[in-house]
Amino acid sequence: MPIPVLTIDGPSGAGKGTVSRLVSKKLGWHYLDSGSIYRSLAIAIQKASVQVSDVDTIVEVASAMTLEFDCGDELIVKLNGENITSQLGLESTGSIASQIAAYPAVRGVLLKKQQDFKQLPGLVADGRDMGTVVFPEAEYKVFLTASAEKRAARRYKQLIEKEIDANIDEITSEIEARDRRDRERETAPLAMAANALYIDSSDLTIDQVIEEVINLIH
Ligand code: DC
């Protein structure tokens, strides 16, 4: 029996995480937050004091790491048995994740870990290359984006709500730098799949985006 897959790709801060999680709940499908796999590896190499430039050792760390995901109300991730959830969302984690994600050998090791999430009754997969590389066969594909200013403003609000010190100009330039790295890398760059539905969430609410995505499936 074919397993239905919905891929939601796009730049950071476009609302992919929230939309994917809520849509997966509505459909009763599994959920893959592929960014959290790259982020977990970023945390693993920091713990092992491996340099971001040391690709061979990063590949070894990626091959050896075990990840456990608990996708309840909030995503809980364990790296080699240790709960690393609180470190996943840090800007520094995202930045290192984006740098090591540019190595083809690293992406190769992480490919199967992501494909293993494809199980009945279905999967919602969120990332940069879900519809182009990891699940090119997916029946439903969405490319979700928003302007860099809107994405920075959302990120700023999230940090302030968590009482984390934040500077809007720094967040905007970090988002722009990460976009550039993710779009310009040679292997599996952030790109829209040919048959994807394009949604710009700049002026949409989460509910409006979810409605468009659910309409695609129905
Ligand atoms: O979606 P995110 O912000 O959690 O992702 C963090 C970084 O991981 C992102 O900047 C690039 C990398 N990534 C990737 O290369 N491919 C994916 N499918 C998901 C994330």
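As the structure lists them, so they are numbered: ligands from 1, and atoms in each ligand from 1.
Listed for the R151 side chain is a donor-acceptor partner under 3.5 Å among the backbone atoms of A146. With hydrogens and angles ignored, the 3.5 Å screen pairs a side-chain donor or acceptor of N167 with a backbone N or O of E170. With hydrogens and angles disregarded, no donor-acceptor distance shorter than 3.5 Å links the side chain of S201 to the backbone of L204. Checking side-chain atoms of Q115 against main-chain N and O of V134 turns up a donor-acceptor pair under 3.5 Å.
Protein residues with a heavy atom under 4.0 Å from ligand 1 are S12, K16, S34, G35, Y38, R39, A97, S98, A101, R107, G127, R128, D129, M130, R178, D182, R185.
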Give every donor-acceptor pair under 3.5 Å between a side-chain atom in residues 42-57 and any protein atom, sequence neighbours left out.
| unit_1 | atom_1 | unit_2 | atom_2 | d |
| --- | --- | --- | --- | --- |
| K47 | NZ | E82 | OE2 | 3.2 |
| D54 | OD1 | T57 | N | 3.3 |
| D54 | OD1 | T57 | OG1 | 3.0 |
| D54 | OD2 | T57 | OG1 | 2.7 |

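Each of R178, R180, R181 was evaluated against S98; a single residue qualifies, R181, per the side chain to side chain donor-acceptor pair (under 3.5 Å) test.
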